[in-house]
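The structure presented is a predicted model; accordingly, all values stated were derived computationally and were not measured. Throughout, a chain's letter reflects where its sequence line sits, starting with A, and its residues are numbered from 1.
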Protein chains: 2
Amino acid sequence: MSQSMRIEDEIKQPNFQSEYQKAYINLVYTAGWLQLRQAAAFKEFNLTLPQYNVLRILRGQHPRPATVNLLIERMLDKTSNASRIVDKLEAKQLVTRRVCPSNRRAVDICITEAGLALLETMQPMVEQQAHGLRQLSDQEVEQLNYLLDKLRD
Amino acid sequence: MSQSMRIEDEIKQPNFQSEYQKAYINLVYTAGWLQLRQAAAFKEFNLTLPQYNVLRILRGQHPRPATVNLLIERMLDKTSNASRIVDKLEAKQLVTRRVCPSNRRAVDICITEAGLALLETMQPMVEQQAHGLRQLSDQEVEQLNYLLDKLRD
DNA sequence: GTACATTAAATGTATGTACATATATTTGCA
DNA sequence: TGCAAATATATGTACATACATTTAATGTAC
């Protein structure tokens, strides 16, 4: 990606109705751009981004189990289908799923040793990825976080 | 959405490894948040976001036709499948598709009168949506655009 | 204690994304 | 001319998203 590629050039649409319209497009585009880079890096570990995020939540709970509800609460995308993401992780033996003894409607989900080991293996790559934002100074990153939080108010 | 909902609270994850890590999460989360709001507003018009974006590009070309390649060039997500989005629009008779006479590999795609009329109908809603970013001042929106462009350099 | 609502998760369906592959057409060049 | 490479699009597959519906377990009112 070349230097100073403005959003106007990226999507070859030179005029926006407003700076607000442009910011919306810019946000969606940039998030997609980031996710694409992440997904590519994750591919060699045979994990998708949502699968990785669920694993991370489970590690945060470990050794306590998580329910599907807890996963949904903590996932970035609240409406995604946690059940089916857990399906894939279970098939890869990265998590276990068991009916919760105290509430048989719920399911206790735990990360396995293999799951923990995989996260460990991925750590250097994840840190590498974080450097992708180093185009921004510390102060600029803080400013970005401030603006995004304010935008959603 | 309540006032001053920081990303830490939104996803109930109080500590990030770095401000950079937080910015990444914040970006992806905020983009999803915006898209969810847009998608909800579009639903009553029976259009998805990508379908709407393709229609907009076609209106920009009207009355000249667009090819699938041109759509891909201008779409936010370059790897999405323009062919199949056009399929859906064609099924709703919002666009026409015809083999290009001068290059029979290519396909000429045009927005129909019904398509133009639909975009017209949606205009007030779209303007309404743009107000979603009015939490930010003009200066802040410019700053946001600057930071996002720089981030992708 | 049965009836009804609520809750937790799973399932179904339509759509979109990411990527590989296939098909048809055109171009370039030996 | 003839044939390989490039081009334009379509198709196939795995996964995820968005949302409605279903199934099972639990809670609650009467």
Side-chain angles (χ1 to χ4, degrees), chain A residues 28-29 31-55 65-73 75-92 94-109, chain B residues 28-29 31-55 65-73 75-92 94-109:
Chain A
V28 172
Y29 180 84
W33 182 85
L34 273 174
Q35 289 189 303
L36 208 60
R37 286 161 46 103
Q38 288 268 43
F42 284 7
K43 216 189 156 193
E44 62 176 302
F45 298 97
N46 206 28
L47 270 194
T48 65
L49 211 54
Q51 287 169 9
Y52 173 76
N53 287 327
V54 166
L55 268 195
T67 62
V68 171
N69 257 350
L70 184 142
L71 294 180
I72 291 171
E73 239 180 21
M75 281 168 68
L76 293 193
D77 197 327
K78 313 288 188 204
T79 69
S80 89
N81 204 322
S83 275
R84 282 191 273 235
I85 293 171
V86 171
D87 282 350
K88 309 292 172 181
L89 292 173
E90 194 184 18
K92 296 178 203 171
L94 300 172
V95 309
T96 58
R97 183 152 46 174
R98 212 183 46 202
V99 170
C100 172
S102 65
N103 178 353
R104 295 203 328 229
R105 284 173 301 190
V107 173
D108 281 346
I109 303 159
Chain B
V28 173
Y29 180 84
W33 181 86
L34 273 174
Q35 290 188 300
L36 207 61
R37 287 162 45 106
Q38 288 268 43
F42 283 8
K43 216 193 154 187
E44 63 176 301
F45 297 97
N46 205 28
L47 269 195
T48 65
L49 212 52
Q51 288 170 9
Y52 173 76
N53 287 326
V54 166
L55 268 194
T67 62
V68 170
N69 255 351
L70 185 142
L71 294 179
I72 291 172
E73 240 181 21
M75 281 168 69
L76 293 193
D77 198 325
K78 313 289 186 202
T79 68
S80 90
N81 204 323
S83 275
R84 279 192 275 238
I85 293 171
V86 172
D87 282 349
K88 308 294 170 180
L89 292 173
E90 194 184 17
K92 294 177 203 171
L94 301 173
V95 308
T96 59
R97 181 153 47 174
R98 212 184 44 200
V99 171
C100 171
S102 66
N103 178 352
R104 296 203 328 229
R105 284 172 302 189
V107 174
D108 280 346
I109 303 158

Below 4.0 Å: OP1/OP2 of C/dG16 and any side-chain N or O of B/Asn81: no
OP1 or OP2 of D/dA10 under 4.0 Å from side-chain N/O of B/Arg97: yes
Between D/dT11 (P) and B/Arg105 (CZ): distance, integer Å: 18 Å
Short side-chain N/O contact from B/Lys43 to OP1 or OP2 of D/dA20, under 4.0 Å: yes
Close side-chain approach of B/Thr48 and B/Phe42, heavy atoms under 4.5 Å: no
Sugar-phosphate only, base, or nothing, as touched by A/Ser80 at under 4.0 Å among non-hydrogen atoms: sugar-phosphate
Atom-pair distance (CG on B/Leu89; C1' on C/dT15), nearest Å: 12 Å
Short side-chain N/O contact to D/dT9 OP1/OP2 from B/Asn69, under 4.0 Å: yes
Distance, rounded to the nearest Å, where A/Asp87 contributes CG and D/dA14 contributes P: 15 Å
Min side-chain heavy-atom separation A/Val107-A/Arg98 under 4.5 Å: no
B/Gln35 CD - D/dC19 P separation (whole Å): 12 Å
Interatomic distance where CD belongs to A/Gln51 and P belongs to D/dC15 [whole Å]: 7 Å
Side-chain touch B/Ile109/B/Thr96, heavy atoms, less than 4.5 angstrom: no
For atom CD1 of B/Ile72 and atom C1' of C/dT17, their distance in whole Å: 13 Å
Sugar-phosphate only, base, or nothing, as touched by B/Leu49 at under 4.0 Å among non-hydrogen atoms: nothing
Candidates D/dT9, C/dT26, D/dA16 - which lies nearest the side chain of B/Val68: D/dT9
Whole angstrom value for the distance that separates P of C/dT13 from NZ of B/Lys88: 15 Å
Passing candidate, side chain to side chain contact (heavy atoms under 4.5 Å, CB included) with B/Ser83, options B/Ile85, B/Asn81, B/Val86: B/Asn81
Distance, rounded to the nearest Å, where B/Arg84 contributes CZ and C/dA14 contributes C1': 13 Å
OP1 or OP2 of C/dG16 under 4.0 Å from side-chain N/O of B/Thr48: yes
Close side-chain approach of B/Val28 and A/Gln38, heavy atoms under 4.5 Å: no
